[in-house]
Visitor: 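Here you go, one structure.
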Amino acid sequence: MNGYLLTSVTLLPLVGAIALLLMGRGEKTNENSLKWTALLFSLATFIISLALPIGFNKAGNLQFETNVEWINAFKLGIRYHVAVDGLSLWLVILTTLLVPLALMSSWNSIHKRLREFLISMLALETGMIGVFVAMDMFLFYLFWEVMLIPMYFLIGVWGGERRIYAAVKFVIYTVVGSLLMLAGIIALYYLHGSATLNYTFDIATITNDVRTHALNLDPHTQSLLFWAFALAFLIKVPLFPFHTWLPDAHVEAPTAGSVLLAGVLLKMGTYGLMRFNLPIFPDAAHQWSVLISSLAVVGIIYGALVAMVQPDLKKLVAYSSVSHLGFVVLGIFSFTDQGMQGALYQMLNHGISTGALFVIVGMVYDRRHTRLIAEFGGLANVMPVFSTFFMIITLSSIALPLLNGFIGEFLILIGTFTSPLLPYAKLFASLAAVGMILSAVYMLWMFQRVVFGEVRNPSNMGLSDLNFRERLVLVPMAMLVIVMGVYPSLFLDATDRTIQSIKARLVPATELASDWRPNPDVAQDR
Amino acid sequence: MESLGINYHAILPETITASVAVLIMMIDAIARNIERRVAGIVSLIGLIGAAIAVASLWGGNGETSFKGMIITDNFRLSFAMIFLLVTFLTVLISLRWVDDESLPVGEYFALLMFATTGMLFMSAANDLVMIFLGLEITSISTYVLCGYRRKDLRSNESAMKYFILGSVSTAFLLYGIAFVYGATYNPAASPVATTNLSLIRDRIASPGQLFSAPMLLAGAAMMIVGFGFKVATAPFHIWSPDVYEGAPTPVTAFLSTGSKAAAFASFSRVFILTFAATSFASSTGPLHSLQSAITDVLAVMAVLTMTVGNLVAIVQSNIKRMLAYSSIAHAGYALIGVVAGDWRAVVFYMLSYVLINLGAFGIIELIARQGDKRLEISDYSGIGFKSLGLASALSLFLLSLAGIPLTGGFVAKLLVFKSAWAAGFHGLVVIAVINSAISWYYYLRVIVAMFFAEPASAFKAPRLARSMAAAIVLALLGTFYLGILPGRVLDTLERARDQITQARK
Amino acid sequence: MQAEKALFIVFAVIAVASALNILLQRNPLYSALSLIGTLLALSALYVMLRGQFIAALQIVVYAGAIMVLFVFVIMLLNQPKDQPQIEKQKGLRYLAIPLAGLMIAEMFYVLRPIHLSTLPADQSVGTTWSIGTALFTDYLLPFEVTSVLILMAVVGAMVLARREGD
Amino acid sequence: MVPLSWYLGLSALLFTIGAVGVFIKRNAITIFLCIELMLNAVNLSFVSLSGFFGDVGGQLFVFIVMTVAAAEAAVGLAIIISIFRNRESLNVDEVDSLKL
Amino acid sequence: MEFHNEPLLAFIVLAPLVGAAILGLIGKNLGERLIGVIACSTVAVSALLSIYVFINHRVQLEQGHKFYNYLFTWIRVGSFRADTSLLLDSLSAIYILFITFVAFWIHVFATGYMRGDPGYWRFFAYMNLFMFSMLTLVLGDNFLMMFVGWEGVGLCSYLLIGYYFTKDFANDAAKKAFIVNRIGDFGFVLGVMLLFLQAGSIFYFDDPARGIHGAFNWVLSQHADPLNMSAIFSGGITTIGVLLFVGATGKSAQLPLYVWLPDAMAGPTPVSALIHAATMVTAGVYMVARASSIYTHAPAAMVIIAFIGAATALFAATIGLAQWDIKKVLAYSTISQLGYMFLACGVGAFGAGIFHVFTHAFFKALLFLGAGSVIIGMHHEQDMRRMGGLKKYMRVTCLTMLAGWLAISGFPLFSGFFSKDEILFRTFTSPVLPAPWSKILWFVAAVTALLTAIYMTRLIVLTFWGGERFKEAGAAHSSGHPAEGDAHSVTPHESPAAMVLPLVVLAAGAVLVGFLGIPDVLSFGKTSNYFEHLIAPSVHEASGHMNEGHSGGIELEDQHGVELSLMLTSTVVALVGLGLGWFWFKRNPLWKPPRLLEDKYYVDELYDGTVVQPIKAGSTNVLWKFIDVRIIDGAVNGAGQIASLFGTSLRYVQSGLARSYVAVLVLGALLIIGYFVIR
């Protein structure tokens, strides 16, 4: 059963999509049954996926594994290999959680092509989960690319005014990166195969061979491959200066699309960095860490500053994503436990907080059909419940302690600051910390302009507060924001083992040894 | 009396297709008034018969027959299957169309079958004369098909351009053959000079047996012109956009797939299995210079082809013309397989490419309607949700052409790139990858028009004939089959490879 | 020996001159007639090369049948003389000289090292007997396949050239 | 004796004239004639090689080429006729509606 | 040092959180009385528990024992560990005692002050949440827990300043407070990270039971840094100290980050009393005192603290002299007093600094509440130009405020006298500062004391004495605030009992608490300074050896002499200040102060012009509209355009002329043949 669990989590949404495709075409009126079908499938996926963390063995590496031969001809060695480890576990859960929430958030906001919309959402879910669970480069690439299409349609069909430009830009940007990654995958496959005589696309095998020095790539090759992969991922993240697709895509995408875009898709980039770049090209990772960290830091500050002056709510959140994801990249390239764990945690945080922010923006958009900050003001007067949720999410986004954002950002900062392997680590950390100030600036300023003050715009006068469905969407998010801030061990413990294995080759043995760790078994029952 | 090497089994597929062509003519002549569909159905049956014949030959170990004119190996048979598949789908998508356009039915299918016969001979040939003959049969019948809509100026123009340029390229090919023939002269051997490919391979592989190395090189170069023209590689691609655009859509589909695949069959037969038989690294003397010249030139041509195809496709507004450029670009990708010397990759590429392209052209034909009227991309505005099935299928084909995973287009590209990488052509792979990225743009344009743009003109979902539906479904299934479970096909090809290398030893 | 060379030069000059005349004539009819001249000169050269059968074929089939077809079509499509002669891309004309030069240079480069100046002692090669034997042994299949080709060409020509309504 | 290279040279010369003719002549039939010239040039090569080698293969090739030329002539002329019917002109420069 | 377990600590912290949760979730549906009861009772629980715990462990605390309450491990990643655990030692004990005590009374006051406000429940939820945060800040046993509280109080401060969220100035002030605090936090976080890097731990002290090594133990095992500039940037202990102090300047409103505090007066007055006077703003002092072992190893950091503290004290006092808004005067006075506290810390007298925090909490809370009472009595008028002569309308308020006035002015035997005197003395005799500077700083502090006495007297005189200016319609319109009630038709009235009672209690405190820290010299050695005795085990006072160049060896007898004479001096200073103020402002209540002072040295404008606006403009015009749109997107779109440009030009090869195609074909053929044969 364990073996099929992951596959069913991955494919269940697709089954839902197919079910929707086949559902009674005749009556146009029966939109509710479509919505409920989609929602139930995504909820079922979420519930099944909960078995993953429950059954997850913190001491183990890859789990819930299915590994069967797929295409073996031509020494291709392509396998259907899916599994989760600490790296992907929570990202899968994040995905399965966000999709039903996104569906609920846009329950009444899709007015055309509802069936196709729901199909796209579910197909997208399968793609996203697939990216995280794939343990074979071929499979990974497959999901990585296939997932583009539903997203493309989500932006292109259900998007705003400039949806075509945004959709095409999104796809082209991604494709440019991912095709380079394809070249990288082929090269890696070939190099690994000729070095070990085991031609395979299996990520775990290759990683392991790198770890055990069965595969030793020379620095030059490593650099080239590193960039082939990194470009794809950094575009997806997106790291400055590859970020300009993001504001457009976010602004034009419908709410549900933005939620998943920000919540999950961006994580695929950082996930890829941790899955491929660090463990497989450790020397190149060191070689380029300064450049990437610099870009990350520039992105943190730049994203924050540009976010500050955006007149459009979604654009603001989009640029804030640039800033936040800069933290994640910085943490990854700190090569420390704290940095990488923090990065991983920050991915989850960003998924929830920014996802929630987009939900919130969507809620006001549904009511007012505008996202311009200047159109709002004083919403606290008419929508107190809304404002409260907005406040919690805002605070999460500016990394207030005891909320989730803080754990991630602080771990990243301290990991970076204390990194023995990243040059100029202290400088990077200090500059990144400036981002903490700036995030307060732009978020609070935005919050003030939207929520506080008198209701000056008469069209805001009659806005209704959140209804039951909308509260149902925001409550779990807000609760997660708090739970993750107060008791992060719940999540962090599961990822530790994986981070250690990523570090195995990345960090020289001397550094590993000197890494003082308090004994976890000391009695805590005083 | 010495054996004439007659082996009717070995040419059974070709015999079947040729006979079916004649049969169709006879039916057409005798029974003018019977259901016009009969000709098409007869050709379908004939194609299935030919396919069975091909299957019955499977496992051939490279035996030659007819005095070395025909070779039976899995290389030939895999390509033969592709040709039969192409014609099968072409017949399906033209069944209704010939009727709607009130064109001569019998001749149409007969010419298709003749062309198929030519293509089959191209892959079966083990002698340059057979290659030449097969090529000419294919070419001449397609010249006619291009001009099949006689009253249509565009169709005329297409036929004329194809004819003039095709003949010139044939002349070059022929001249090349003459040079190669001259180069193989060895008074000590028997026969003293030859156009037989097996003999040519042996002669150029063993040092000191050649009459004139420069002649061999010049011959090879001119054959590149000939084959390059047929597969439409830059700079010999210039005919194809005009011809593809002007020809009736089903013919375009056939041209861009069948004739291209056939040309690749000969191309690979000559340039991979003959000229590059020994590995590049271990070759010496004239063979080495031949091989390095071939790889250099083909690599440059591949790059040019991809780049020109993709860049110009970006700025096209006519969908047929855009797909013409796209098929130029795809010839470029497939050519990488030739450069890398991996014909299996070429076969697989062609297989998936013909499926996808035929599917796409089928839908285009359907949407274009009678007289090829609606061919501008702007005509596709907003039809996505009016005709969801067709638009989705077309999108899938286009995405597959772009190389999205889960479809044959991706696996094909992967194989080609992998072979090229393994053969050390890293730069080529990178350029191909960048080109793929460019290609996304224009494939997406059509999808944008169909799904994202507002409906521009009145559009009614076309009536979908059963044959056409079958063709599209077949193409779709094939595309996905090759994308998801390519294992069987690849295994078969792999065994073919083993068998060919063994036969050589 | 010198006589043979002289003969070659005579026929070669005729062939080249007629070929050039094809290009120089405006009327396609004269061009066609010039081509026939070339063909005849070539057939003479074939004889010198002991290709008697092919030489005969050249005269009978090529100059006789095919060229007659050409002339027939030219007469059929007697286009009006007063039609304006549109010429686009006049530059192509000037491209002719360098391209021709380049081609000849390349061919010269390839053919220069070829040193073979004696015909073999065996004189049976170009005879009808040897051709016939080869045609029905080694070249049996190509020979048969040409029938497909011819049939196909007939069908094709018929489809394209027949009048409407047939 | 006349050396082989002379024949081959003549053949190359004729081929060149044919090739040049194809792109400087505008009358479709003349262009076609030039193509025939190219084929004949190749034939000369075949026959001379065959003669000097004492190998019948080249001449057989010429035999086949002639057949092909005949077939090509039939179809080519048919194409020209069908174009002429529609356009009343044989000037290929007028036939450029498909471009770019 | 001995460690014990004290599970009650968690309840002290959590009680207000429970209150906050109840009020936040269902408070909207509760009546005002019930809300008041819940809010006050949770704080009362904390207060009583604090007192209980303190009494229970008093002796041990005096001996330096520490009491832990470990809840759970918050973050543990690699070698980094932060626990959710609480620590009680004498320092935090003092803090929780006065925090909970003062806060309780302010809560009580607020039940009256906020009566009828539609956000009653919200207000108290925030207040309770603040108590939770403040107690976390004080009781946390590591720097990250402190930071939790640190940011938590910042949040509550933000929420409460912006409590009247429909008022733009309140929102601006709230945002400003948060952001300026964040700037300070930037330093704090860096300091904590550097500490972790150096010490490998962010816990204050060891906890053998959990296997924790305290950072301070590491610090104490190091040599003290030298007193020079390079130590500041060396990345060692001094750097840590300076960075942490940057955090303190934000939270405790020191130069240059003090600007948020005057604006923070936009919040309801009880908030100003609780957060911006008595408790939160002293968190910086707490932190510096907590980290005293770091500072005693970082003399350069201490010098910086001393100078900033003294400068802030003087600077704010001068501005306070010129303000018309009663709360603004108190705000600048708070800044000034905070400067005093830092001066104390900077000269190594952490205990004295804390003592001043302690007394200040009482008298400043009292003064603010008094001001609040006046404001209510005046129907939300805050401009002192429209007050005057209120003593006859608001007798109790006036009396209690007089107590606060005397306390802050350093009138002998009032609480402020003792704490301020201690600071002046310790500054004068500081072992930290180089020779002339201790005297100079003492002089600055003394001048500040004089100014304090003057401006506080001005406040009292303008408010309670003189003509009843509120009756003169439209007397002054320069009031910066859109006061709610129209001032000229009101009659001032005394506040209700819920507000008056806390005034009385705090007034008693303001008068009496000073006696906890009577200097040895005053009691003639009979009772030692109890406060100092209590706090001594928790802080590392600077000792003579810190600065070798300093002639530190004054004999104890001499010290007593000095102390007495200084005490005399400061008494004189206070009396002079009171006298000057009394007579001058009685005569000229509306004396127009220098423009520069009234406009606060234009610091806000300076910041706006040099930092805020350039960043905004730069972000909009350079980063966004130029780099993002023009350069990056331009490059991306440009690449696309170049591709289609190439496409378009290559298109023209496709002329449509068959002849030209042949030419291309022939040319291509020739090139290939050429390459083949000639290469």
Side-chain angles (χ1 to χ4, degrees), chain A residues 169 172-173 241-245 247 302 305-306 308-310 336-338 341-342 378 380-381 395 398 400-402 406-407 410-411 413-415 417-418 426 429-430 433-434 436-437 440-441 444-445 448 451-454 486-489 492-493 496 515-520 522-524 526, chain E residues 5 28 68 70 72-81 84 144 147-152 154-155 158 162 165-168 170-172 174-175 178-179 182-183 185-186 189-190 192-194 196-197 200 209-212 235 615-616 618-620 623-624 627-629 631-633 635-636 640:
Chain A
K169 197 172 177 182
I172 297 293
Y173 249 108
F242 310 114
H243 64 281
T244 55
W245 64 270
Y302 176 93
L305 286 176
V306 178
M308 188 170 71
V309 294
Q310 293 304 314
T336 54
D337 279 331
Q338 296 88 19
Q341 286 263 44
N381 295 295
L395 293 175
I398 60 181
L400 198 81
L402 291 189
F406 174 72
I407 311 282
F410 185 77
L411 281 176
L413 285 177
I414 202 160
F417 195 87
T418 59
K426 294 192 190 69
S430 312
V434 174
M436 257 176 52
I437 303 175
V441 175
L444 290 181
W445 193 32
Q448 179 192 349
V451 169
F452 288 153
E454 305 269 9
V486 174
Y487 199 69
S489 310
L492 285 173
D493 289 353
D496 185 57
D515 203 358
W516 175 74
R517 294 164 69 80
N519 184 0
V522 170
Q524 303 183 341
R526 211 151 41 84
Chain E
N5 197 14
K28 202 173 183 178
Y68 279 116
Y70 168 79
F72 58 90
T73 301
W74 186 30
I75 307 175
R76 168 188 263 161
V77 173
S79 58
F80 180 81
R81 173 170 176 173
T84 307
L144 213 58
F147 191 65
V148 169
W150 190 269
E151 287 274 281
L155 167 69
Y158 168 78
F165 62 78
T166 51
K167 306 250 193 309
D168 285 340
N171 295 323
D172 288 338
K175 187 180 73 198
F178 199 97
I179 290 166
R182 265 281 160 124
I183 296 173
D185 295 349
F186 167 76
V189 166
L190 288 186
V192 172
M193 294 195 300
L194 192 57
F196 174 70
L197 180 68
R210 276 179 284 157
I212 285 170
I615 287 183
K616 259 193 208 175
S619 301
T620 313
L623 295 184
W624 177 28
I627 294 186
D628 222 49
V629 174
I631 294 191
I632 300 178
D633 250 6
V636 171

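Order of the sequence lines sets the chain letters (A, B, ...), proteins ahead of strands, with each chain counted from 1.
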Visitor: Let me see the working for E:Phe165 and A:Val451 under side-chain contact (heavy atoms from CB on, under 4.5 Å), right down to the final yes or no.
Guide: CA-CA 9 Å; E:Phe165 62 78; A:Val451 169; over 6 Å; no

Visitor: Is the distance between the ring centroids of A:Phe417 and E:Phe196 less than 6.0 Å?
Guide: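 When the ring centroids of A:Phe417 and E:Phe196 are compared, they turn out to be at least 6.0 Å apart.
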
Visitor: Got E:Ser619 and A:Val306 here, is their nearest side-chain heavy-atom distance under 4.5 Å?
Guide: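 No; the side chains remain at least 4.5 Å from each other.
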
Visitor: Over all heavy atoms of both residues, which pair between A:Gln338 and E:Phe80 is shortest? Give the atoms and the distance, please.
Guide: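 Shortest heavy-atom separation between A:Gln338 and E:Phe80 comes out as NE2-N, 3.4 Å.
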
Visitor: Going by side-chain contact (heavy atoms from CB on, under 4.5 Å), name the residues that satisfy it together with A:Asp493, two or more places apart in sequence or in a different chain.
Guide: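 side-chain contact (heavy atoms from CB on, under 4.5 Å) check on A:Asp493 returns A:Lys58, A:Ser489.
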
Visitor: Given that the side chain runs from C-beta out, which part of E:Val148 has a heavy atom under 4.5 Å from chain A: side chain, backbone, both or neither?
Guide: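 For E:Val148, backbone and side chain are both near chain A.
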
Visitor: Measure the shortest side-chain to side-chain distance between A:Trp245 and E:Val636 over non-hydrogen atoms and say whether it is less than 4.5 angstrom.
Guide: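 No, every pair of side-chain atoms sits at 4.5 Å or beyond.
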
Visitor: Considering only heavy atoms, which portion of A:Leu395 lies under 4.5 Å from any heavy atom of chain E: side chain, backbone, both, or neither?
Guide: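 Side chain of A:Leu395 only, per the 4.5 Å heavy-atom cut-off to chain E.
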
Visitor: The test is side-chain contact (heavy atoms from CB on, under 4.5 Å); show your working for E:Met193 and A:Thr418 and say whether it passes.
Guide: CA-CA 7 Å; E:Met193 294 195 300; A:Thr418 59; 5.6 Å; no

Visitor: Is there side-chain contact between A:Phe452 and E:Asp168, with at least one heavy-atom pair below 4.5 Å?
Guide: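 No - every pair of side-chain heavy atoms lies 4.5 Å or more apart.
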
Visitor: Using a 4.5 Å cut-off on heavy atoms from C-beta on, say whether the side chain of E:Ile179 contacts that of A:Trp445.
Guide: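 A:Trp445 vs E:Ile179: side chains apart.
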
Visitor: With A:Phe242, which residues qualify under ring pair (Phe, Tyr, Trp, His ring centres under 6.0 Å), at least two apart?
Guide: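 Ring pair (Phe, Tyr, Trp, His ring centres under 6.0 Å) check on A:Phe242 returns nothing, list empty.
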
Visitor: Measuring heavy-atom distances to chain E, does A:Met436 have an atom under 4.5 Å in its side chain, in its backbone, in both, or in neither?
Guide: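 Its backbone and side chain both get close to chain E.
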
Visitor: Does E:Asp628 offer a backbone N or O that forms a donor-acceptor pair with the side chain of A:Tyr302 under 3.5 Å?
Guide: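 A pair under 3.5 Å: yes.
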
Visitor: Are the side chain of E:Glu151 and the backbone of A:Leu400 linked by a donor-acceptor contact shorter than 3.5 Å?
Guide: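 No; zero donor-acceptor contacts below 3.5 Å.
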
Visitor: Less than 4.5 Å apart, any side-chain heavy atom of E:Leu190 and any of A:Lys426?
Guide: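 Contact flag for E:Leu190/A:Lys426 side chains = no.
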
Visitor: For the residue pair A:Met308 and E:Ile615, establish whether any side-chain heavy-atom pair is separated by less than 4.5 Å.
Guide: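 Result yes, sub-4.5 Å side-chain heavy-atom pair found.
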
Visitor: For the interface with chain E, which of A:Ala440, A:Pro488, A:Gly415, A:Gly453 has the highest count of heavy-atom pairs at distances below 4.5 Å?
Guide: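 The candidate making the most pairs under 4.5 Å is A:Gly453.
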
Visitor: Taking the side chain as every heavy atom from C-beta outward, state whether A:Val441 and E:Lys175 have any pair of such atoms under 4.5 Å apart.
Guide: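 A side-chain contact under 4.5 Å is absent here.
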
Visitor: Got a second to check how far A:Tyr487's OH is from E:Trp74's CH2, nearest 0.5 Å?
Guide: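 Spacing of OH (A:Tyr487) from CH2 (E:Trp74) equals 13.5 Å.
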
Visitor: Do any N or O atoms from the side chain of E:Arg76 and from the backbone of A:Leu492 form a donor-acceptor pair under 3.5 angstrom?
Guide: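 Answer holds: no.
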
